[in-house]
Amino acid sequence: MPSDVNQQIIDEFRSNHGQVGGPFENMRLLLLTTGRAWTGVRHTTPLNFLPDGERFLVIASGGSAGVDPDWYHNLLADPEVTIETGVYIYRARATELRGEEREALFARAVEADAGWAVYQAEAARILPVIALEPIDGGPAADKLGDALVAIHGSFRRELALIRKEVAESGPRFGTQLRINCLTMCQELHRHHSREDGSVFPALGARHPDLGPALERLSAEHVVIDELLNQLKALLSREEPDREMLLSEVDRLIKELVAHLDYEEERIASLLNAGI
């Protein structure tokens, strides 16, 4: 991809908390920053990724180019990289996957998007598969309220994307789609646990008048957690019922969006003010 196009995507990505329009609107993108292999100068590239629990998977396709992309050579020279998701910035370690693990994960990518098979056929080389494992990091936004809104936006986008993928999945439910759903469930549960364990108690101590609102939000966490459990139970079946799964995703979206909207209305400005 030409560098000027890359820069346009990078600028839009950073200004819109990871949301990019046009042909990239329904892609999961991250920004990968590596040191140049020979100069050490940092270089940022937008990449499509596959969720994989705690890590991100990227494929060094370079489209269907006959040579590996520069960012791949850069991370081989220095595997410590930076990942931007639009919500978080992570220091991460890159590991090239080999052998059976590489084959299984590439097959999973092809199952989710046949375009990867086209790239592989045209490239005349084995496309490297890279796992990016976060080491540490934090929100990209400076203010806590802005970070909360950005996190919520990422959940809204991911659920909309998952719903689209479920609706288009056909009779066979692919492995990567299961992992997309389970990764989202895990991240949402972790986010709500943090709020219940630290954010809400701190706000309640400073703002006793927020008590009823915080109680409502915590109660809604319980409802959403139950919906997540029901979704995971469906995903655990060998052949999930697509229509039932779609119905559960719709229920989750309805409950979650109302919850996120109310939470932002009540506490985002207080978090931004640091009070």
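Only heavy atoms go into these numbers, but all of them, side chains included; no hydrogens, no water, no symmetry mates.
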Closest approach of Pro69 to Arg125 (non-hydrogen atoms, all atoms of both residues): CD-NH2, 4.3 Å
Looking at Leu97, Leu57, Val81, Leu75, which hits side-chain contact (heavy atoms from CB on, under 4.5 Å) with Ile130? Leu75
For the residue pair Ala141 and Ala147, what are the closest heavy atoms and their distance? CB-N, 3.6 Å
Mind checking whether Leu32 and Ile59 sit in one hydrophobic cluster, side chains of I, L, V, M, F, W, Y counted as touching below 4.5 Å? no
Gln120 side chain to Leu127 main-chain N or O, any donor-acceptor pair under 3.5 Å? yes
May I ask you to test the Leu31-Ile83 pair for a side-chain heavy-atom distance under 4.5 Å? no
Find out whether the Lys NZ or Arg CZ of Arg242 is both under 6.0 angstrom from the six-membered ring centre of Phe173 and within 45° of the ring's axis. no
Rounded distance [0.5 Å steps], CG in Asp52 versus CG in Leu105: 6.0 Å
Using the salt bridge (charged side-chain N to carboxylate O under 4.0 Å, His left out) rule, take Arg108 and Asp113 through it: C-alpha gap first, then chi angles, then the decisive distance, then the call. CA-CA 9 Å; Arg108 204 172 83 194; Asp113 183 351; over 6 Å; no
Calculate, to the nearest 0.5 Å, the distance between atoms OG and CD belonging to Ser61 and Glu122 respectively. 10.5 Å
Taken to the nearest 0.5 Å, the spacing of Leu182 CG from Arg178 CZ works out to 8.5 Å
Assess, by modelled atom type and distance only, whether the side chains of Arg42 and Thr82 contain a donor and an acceptor separated by less than 3.5 Å. yes
Give the minimum heavy-atom separation between Asp196 and Ser218, together with the two atoms involved. OD1-OG, 3.0 Å
Is a side-chain N or O of Asn272 found less than 3.5 angstrom from the main chain of Asp146, in a donor-acceptor match? yes
Walk me through whether Arg163 and Ile253 qualify under side chain to side chain contact (heavy atoms under 4.5 Å, CB included). CA-CA 9 Å; Arg163 191 199 186 284; Ile253 289 173; 4.1 Å; yes
Intermediate values then yes/no, side chain to side chain contact (heavy atoms under 4.5 Å, CB included), Leu29 and Glu84: CA-CA 9 Å; Leu29 294 179; Glu84 298 172 57; over 6 Å; no
Any side-chain heavy atom of Leu270 within less than 4.5 Å of one from Leu210? yes
Cluster check Ile126, Val129: I/L/V/M/F/W/Y, side chain < 4.5 angstrom: no
Short N-O contact, Glu25 and Lys164, less than 4.0 angstrom: no
Note: Arg28-Glu165 ion pair, threshold 4.0 Å (strictly below): yes
Under the criterion side chain to side chain contact (heavy atoms under 4.5 Å, CB included), I'd like the reasoning laid out for Thr175 against Ile179: C-alpha separation, chi angles, the key distance, then a yes or no. CA-CA 6 Å; Thr175 301; Ile179 291 173; 4.0 Å; yes
Heavy-atom closest pair, residues Trp71 and Ala60: CZ2-CA, 3.4 Å
In the single-linkage hydrophobic clustering (I, L, V, M, F, W, Y; side-chain heavy atoms under 4.5 Å), do Leu234 and Val249 co-cluster? yes
One pair to check against side chain to side chain contact (heavy atoms under 4.5 Å, CB included): Asn6 and Thr44. What are the steps and the verdict? CA-CA 9 Å; Asn6 267 358; Thr44 300; over 6 Å; no
Enclosure of Asp136 CG (heavy-atom neighbours >12, cutoff 6.0 Å): yes
Is it true that atom NZ of Lys232 has more than 12 heavy atoms of other residues, nucleotides or ligands lying nearer than 6.0 Å? yes
Are the aromatic ring centres of His189 and His221 under 6.0 angstrom apart? no
Is there side-chain contact between Ile224 and Leu252, with at least one heavy-atom pair below 4.5 Å? yes
Taking atom CG of Leu177 and atom CD of Glu111, what is their separation to the nearest 0.5 Å? 9.0 Å
Does any N or O in the side chain of Ser154 come within less than 3.5 Å of the main-chain N or O of Ile151, such that one atom is a donor and the other an acceptor? yes
Given 3.5 Å as the limit, does a donor-acceptor pair link the side chain of Ser247 with the main chain of Glu243, or not? no
Are Tyr90 and Thr85 close enough that some pair of their side-chain heavy atoms sits under 4.5 Å apart? yes
Return yes if a side-chain donor-acceptor contact under 3.5 Å exists between Gln8 and Glu12, otherwise no. no
Between Asp78 and Glu80 (side chain of the first, backbone of the second, donor and acceptor by atom type, cut-off under 3.5 Å), is there such a pair? yes
Assess whether a salt bridge exists between Arg251 and Glu248, defined as any Lys/Arg side-chain N lying under 4.0 Å from an Asp/Glu carboxylate O. yes
Please check if any side-chain donor atom of Glu187 sits under 3.5 Å from a side-chain acceptor atom of His191, or the reverse. no
Over all heavy atoms of both residues, which pair between Pro134 and Phe56 is shortest? Give the atoms and the distance, please. CG-CE1, 3.8 Å
His17 and Ala150: which non-hydrogen atoms are nearest, and at how many Å? ND1-CB, 3.7 Å
Donor-acceptor contact below 3.5 Å, side chain Glu158 vs main chain Met184: no
With a 4.5 Å cut-off on side-chain heavy-atom distances among I, L, V, M, F, W and Y, is there a chain of contacts connecting Ile10 to Val20? yes
Side chain to side chain donor-acceptor pair (under 3.5 Å) partner of His259, chosen from His152, Lys254, Arg216, Glu220: Glu220
Would a single hydrophobic cluster contain both Val166 and Leu227, if residues Ile, Leu, Val, Met, Phe, Trp and Tyr are joined by side-chain heavy-atom contacts under 4.5 Å? yes
Answer yes or no: is there a side-chain heavy-atom contact under 4.5 Å between His43 and Thr45? yes
Can you tell if the side chain of Leu256 reaches within under 4.5 Å of the side chain of Leu188, non-hydrogen atoms only? yes
Treating Thr95 as the side-chain partner and Ala131 as the backbone partner, does any N or O pair qualify as donor plus acceptor under 3.5 Å? no
How long is the span from the CG atom in Leu132 to the CZ atom in Arg93, to the nearest 0.5 Å? 11.5 Å
Any carboxylate oxygen within less than 4.0 angstrom of a Lys/Arg side-chain nitrogen, looking at Arg156 and Glu264? yes
Should the pair Arg98-Glu96 be classified as a salt bridge under the 4.0 Å nitrogen-to-oxygen rule? yes
Hey, are the side chains of Leu231 and Leu245 touching, using non-hydrogen atoms and a 4.5 Å cut-off? yes
Here the gap from Leu271 atom CG to Glu263 atom CD, rounded to the nearest 0.5 Å, amounts to 8.5 Å
Using modelled atom types only, decide if a donor and an acceptor are shared between the side chain of Gln176 and the backbone of Pro51 within a distance under 3.5 Å. yes
